[in-house]
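Structure record follows, encoded as structure tokens.
Letters A, B, ... are given to chains in the order of the sequence lines, protein chains preceding strands, and every chain is numbered from 1. This structure is a prediction, so every number in the text was calculated from the model and none was measured.
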Protein chains: 2
Amino acid sequence: MNNVGIRKVAELAGVSTATVSRALAGKPSVSASTRARVEEAAKELGYVVSATASGLASGRTRSVGVMMPFLNRWFFTSVMSGAHRVLNDAGYDLTIYHCEPNRLDDTQGVHNPRRERLFQESLLRHRVDALLLVTLSLTTTERDRLHALGKPVVAIDRPQPDIPTFAVDNLAVAKTAVTHLLELGHRDIAYAGGVLPYDLDFQVPVLRRAGYDTALAEAGLPVRSTRVAEGDFTSQGGYSAAMKLLADPHHRPTAIFAASDEMAYGVLMAARELDLRVPEDLSVIGVDGHPMGDLLGLTTIDQHPAEQGAIGARALLVELEPDEQHPPAATRLPFELITRRSTAAPRTA
Amino acid sequence: MNNVGIRKVAELAGVSTATVSRALAGKPSVSASTRARVEEAAKELGYVVSATASGLASGRTRSVGVMMPFLNRWFFTSVMSGAHRVLNDAGYDLTIYHCEPNRLDDTQGVHNPRRERLFQESLLRHRVDALLLVTLSLTTTERDRLHALGKPVVAIDRPQPDIPTFAVDNLAVAKTAVTHLLELGHRDIAYAGGVLPYDLDFQVPVLRRAGYDTALAEAGLPVRSTRVAEGDFTSQGGYSAAMKLLADPHHRPTAIFAASDEMAYGVLMAARELDLRVPEDLSVIGVDGHPMGDLLGLTTIDQHPAEQGAIGARALLVELEPDEQHPPAATRLPFELITRRSTAAPRTA
DNA sequence: GCTACCTTTGTAAACGCTTGCAGTCTAGCC
DNA sequence: GGCTAGACTGCAAGCGTTTACAAAGGTAGC
């Protein structure tokens, strides 16, 4: 394949392979002149360290695994994208592990062969130095296996016991959204909550729901069950939730807080279908920062998913490269209210 | 880390490491009883072959690289997702390479350090056994470097010289879309074409445009420049293209063929903003099979992106494992007209 | 001028598998 | 019964780096 090995470089540079290795790895104990000579030789021969050989000898692969429940949904891939940028710039490759969701309608200990193989085989191959979990719920067994790997692990968006997690303060996010609506004068605000069909512990939706409840309570407003509906985290889910919330033409909420932007799109569809104008008849606010929100004029809480991935990645780098100087890690993730056309004061206010 | 090596398994099973290796690799020259004993020993010890060691010794990493210009756009990640399923089931991991687009507004030979590093370093590390290129335009130099790797390479969606490519027949896709509109009775059909801001050779949009032209020509209709507009492949792009196409209130097309579903969403927005009802005042058809199309009632040509990824992956597997029995590879990719609410006969028909 | 120490480099032993080659054993054949 | 082919298995040499340790060459202090 690549017939240029470290030996040829060593020969050309007139040093030993050990020195080549040290020079190319940026080790300090190499004189400037030697390092220069080695680098030039390497460039001339087009030499690049073999990942497998280096990995075997050093025990480090310079590769990080990203585990996610969905490989083609915007939020998850945005996180991945942000992580990729950071890790790649630090010289790491990304390997993706698809951790298939355990569906709610399955029994807890359901036998999912792919997922099982992931934890019992793939991860044990030690192809990666560290793992980034994106919005994942793990069983105790799975968490144990992860810890047994003895590698840095960081979770994004969904806290896991014993795993450092980076997530926005979902309660605060929800409160911000609802408060925005309250400040516009809304008093009858509904919540289109997200249910992950695969989620075993509901963190995100529960917290957002709690934020909704809290904000209403603080405003002295009641939380009514007819003002809460659920759907999965897609526009379809948002649509069906909205259809429920808006079912009674004589008693409709004046605003809907949707647990994600894609759900909010569904709410917009529903409103349109019911001939409700947004924001005149109904205000809508979402969460995420999905790119189509701009065009649709959707007010949202942007939680900067790519930035979340980047932050998680930096946290891993801190552990992977303790010598390096790292900027202090942000622990509380930023979010931001973006006001667009879909929210306004209620007509009857 | 993982202190169970092949030697312990060999001891426990009472055989040599060579036999363990062969048994676990599924080589034929191992007796059934020995194989069983080895497998049991491995399971008991929780032994899994080390990826690096195996890779170094055998020269094969059991990992495939996926190169894409965008890491968080639906089409690309759907392809990746389909490929992942197939490859993972075959025992391969996926490593992602972000090949940053060379933007159109750059000079051709633009110096993009990340992209350069990808071709001059990352790929040379031989971390993967094969490569899947998703909608990528490469320079000659880059293609040469790829070939120099001596590894199986397959491209999806955008033909590259000397690289086996799997793509839908974009001309036929466009013709199907336009023909659908013609059959509904439309005679004034516009094209909201996609421009990839990064694309250097325009394959997809050009072919779709050609299909549009052909279908019109076959129907004896003229192609007018005022009926063609371009935007990037996003809903924003579709929106601005549609705003141009629909600018003259007295002379509007009765239908718009958008080069992607996301663009079609933008067209729908534009129509709505102009108080045009869909499909009464304007029919809209897209291409892709994006999941939100269902809710939006968008007629589209589904090109099954995940299936494209799967097909590309299978093609790689054929080359990676010549011994195995493989089903014959599909070469022409399937697509499918999905009729929904956004298209109907024109009112004036 | 001698010692002690630091910097830089080389030597060679891993790292944990895979695989060509050779050897053993069994069974079939004449 | 001797011979051969074939089926298994083991031996040991890599695979291409990294890195602990040793060695060499300076430098500075006294």
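Taking only side-chain nitrogens and oxygens, B:Ser50 never comes nearer than 4.0 Å to OP1 or OP2 of C:dC17. Contact annotation: B:Lys27 side-chain N/O to C:dT19 OP1/OP2 distance is under 4.0 Å. Close to D:dT17, at under 4.0 Å from its OP1 or OP2, lies no side-chain N or O of A:Ser58.
Counting non-hydrogen atoms of neighbouring residues, nucleotides and ligands closer than 6.0 angstrom, the CZ atom of B:Arg117 exceeds 12 such neighbours.
Atom pair A:Leu124:CG and C:dG16:C1' shows a separation of 15 Å (rounding to whole Å applied). Between the P atom of C:dG16 and the CZ atom of B:Arg7 lies a distance of 10 Å, rounded to the nearest Å. Rounding to whole angstrom units, CG of residue B:Leu45 and C1' of C:dG16 are separated by 15 Å. The interatomic distance linking B:Glu11 (CD) with C:dG16 (C1') rounds to 14 Å, in whole Å. Taking atom CZ of A:Arg60 as the reference point, atom C1' of D:dT19 lies 10 Å away to the nearest angstrom. Atom pair B:Arg125:CZ and D:dG16:C1' shows a separation of 14 Å (rounding to whole Å applied). The nearest whole Å value for the distance from the CG atom in A:Leu24 to the P atom in D:dT17 is 10 Å.
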With the criterion being N/O to N/O and under 3.5 Å, what pairs connect the protein with nucleotides 5-10 of chain C, and how long is each?
| unit_1 | atom_1 | unit_2 | atom_2 | d |
| --- | --- | --- | --- | --- |
| C:dT9 | OP1 | A:Ser31 | OG | 3.1 |
| C:dT9 | OP1 | A:Thr34 | OG1 | 2.2 |
| C:dT9 | OP2 | A:Ser31 | N | 3.0 |
| C:dT9 | OP2 | A:Thr34 | OG1 | 3.4 |
| C:dG10 | OP2 | A:Ser16 | N | 2.8 |
| C:dG10 | OP2 | A:Ser16 | OG | 3.0 |
| C:dG10 | OP2 | A:Thr19 | OG1 | 2.7 |
| C:dG10 | N7 | A:Arg22 | NH2 | 2.7 |
| C:dG10 | O6 | A:Arg22 | NH1 | 3.0 |
| C:dG10 | O6 | A:Arg22 | NH2 | 3.4 |

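For the residue pair B:Ser137 and B:Arg158, a side-chain donor N or O sits within less than 3.5 Å of a side-chain acceptor on the partner. Side-chain N/O atoms of A:Asp157 and A:Thr135 include a donor and acceptor closer than 3.5 Å. Donor-acceptor pairing under 3.5 Å is lacking for the side chains of A:Arg127 and A:Thr61. Counted by atom type alone, B:Ser78 and A:Asn72 present one or more donor-acceptor pairs between their side chains at under 3.5 Å.
Between the CZ atom of A:Arg145 and the CD atom of A:Glu116 there is a distance of 9.0 Å, given to the nearest 0.5 Å. Rounded to the nearest 0.5 angstrom, B:Leu87 CG and B:Leu94 CG are separated by 5.5 Å.
Within the nucleic acid shown, A:Val49 comes within 4.0 Å of sugar-phosphate atoms alone, with no base atom in reach, counting heavy atoms only.
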